[in-house]
2 protein chains.
Amino acid sequence: MEKLQEERIRTRNIRRILDAATEVFARKGFDGTRITEIAEASGLPKANVYYYFGSKDDIYRAAIARLIQGWDEALEEIALEKDPAEAFTRYVTAKLRFSHQHPTESRLFANEILRGAEFLTEQERKHIRDVTNYRVAVIEAWIAAGKIVRVDARHLLIMLWAATQFYADFQPVVRDALGNRNLESADFDAAARCIADTILAGLIPRDPEPI
Amino acid sequence: MEKLQEERIRTRNIRRILDAATEVFARKGFDGTRITEIAEASGLPKANVYYYFGSKDDIYRAAIARLIQGWDEALEEIALEKDPAEAFTRYVTAKLRFSHQHPTESRLFANEILRGAEFLTEQERKHIRDVTNYRVAVIEAWIAAGKIVRVDARHLLIMLWAATQFYADFQPVVRDALGNRNLESADFDAAARCIADTILAGLIPRDPEPI
DNA sequence: GTCTATAGGTAGATAGAC
DNA sequence: GTCTATCTACCTATAGAC
């Protein structure tokens, strides 16, 4: 009974701390973040933050790990069986929706990369490489089957990632570019449509010549 | 004679400080940067940094201002007269080349945006908006003339910016995605080609119906 | 589990000799 | 213009009462 209660408090507080930490780390980076600010944002006293995490490093690592896990669950597949146009559209839409709903996580990741990706574990980096390699194989199979034009699969993936990530990470710029207003769901839909109209349209062969 | 000598020393030291500051700010953000680190990276004692700049804020603002000036000079125009495909190719190539040669400036800008763009002056933001609006007008004129397909011009510009910026700001990710090696000029050429093969190819009308 | 107090270190910024 | 010494404030992390 009391054990369960304690466990619930523990889980809730850890989540609060990581939510707050993600936001502050994303904005100010690792070195610029003060534990006091995380504590204030989480609504807990500073000493309680240290009760759950041994150091600033620990909090940072936990926030990064949680973020990568979330991405994985949300964006698992470009499946081989699917039609390329449908698969790309699904992927872009899912990623833009995720960027819209979780901009903070995305920005934390961006900050970690700007920092030089020193805190990403070798396991996490290998995982990113594996996912990329799998998708490259899928795209190259589509090219071999004549379903899409011949492009560099790796650069294509980078481009899709870049286009979708930008909407989460560079919101002040996006706002200015769209006319100085807050971003709504409709803007992310318009972004998805624009990506579909250009990148995806350019991928479909004009003179289809299947092998 | 001595005046000139002093002026040269002054100019050289200010440049050294701003170079060092750009690098450290880009990596650690404003709050994470220590003046001591800027001093060490510039090869000058900390007190000399304070001789040239009154505060950390001053150094940061100067670095941002220099960066925007540099971008402006390097990336002035998508000109209206030009053929769309050629204009886009020129723009993408110029921006990728700039990203390759000045990744640090690009990352500093990214960090400032992640921070919430609080240090960008209203003048600087207005300038960015003006440049965007001008290019939007150009693209919409091309659409009206039937030279490219009907797309949202603002999202198209964001997409081009995103794709090119990514190569400067997210180099660790790009490296992993391309197979864990250092980036060379050839990679930026391949990126330009991929963008041309997809985005630009998708823009050219299939059934041209000029108005 | 929660919170106050504080140790020990380092930050931004300045004073003033050379 | 250059540099050492230093002030004040704040940071991470911990000790220990409740």
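Lettering of chains follows the sequences in order, A, B, ..., and the numbering in each one begins at 1.
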Report which part of the nucleic acid B:Phe53 touches: base, sugar-phosphate, or nothing (heavy-atom distance under 4.0 Å, all strands).
nothing
Take the angle between the ring planes of B:Phe30 and B:Phe119 and call it parallel below 30°, perpendicular above 60°, tilted in between.
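Geometry flag for B:Phe119 against B:Phe30: tilted rings.
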Euclidean distance, atom CD1 of residue B:Ile35 to atom P of C:dG12 [Å, nearest integer]
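After rounding, the reported distance stands at 5 Å.
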Between C:dT10 (C1') and B:Glu40 (CD): distance, integer Å
13 Å
Options [options], nucleotide nearest the side-chain atoms of [X]:
| X | options | value |
| --- | --- | --- |
| A:Lys56 | C:dC3, D:dT12, C:dG12 | D:dT12 |
| A:Thr36 | C:dA13, D:dT2, D:dT12 | D:dT12 |
| B:Ala47 | D:dT4, D:dT12, C:dA13 | D:dT4 |

[N] OP1/OP2 closer than 4.0 Å to side-chain N/O of [X]:
| X | N | result |
| --- | --- | --- |
| B:Asn48 | D:dC3 | yes |
| A:Arg34 | D:dC10 | no |
| B:Tyr50 | D:dT4 | no |

We want to know whether A:Arg154 and A:Asn133 form a side-chain donor-acceptor pair, criterion being a heavy-atom distance below 3.5 angstrom.
yes
I'd like to know if B:Arg107 and B:Glu23 make a salt bridge, using a cut-off of under 4.0 Å between side-chain N and carboxylate O.
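No, no charged N to carboxylate O under 4.0 Å.
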A:Phe109 and A:Trp71 aromatic centres sub-6.0 Å:
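Yes, the ring of A:Phe109 comes within the 6.0 Å limit of the ring of A:Trp71, centre to centre.
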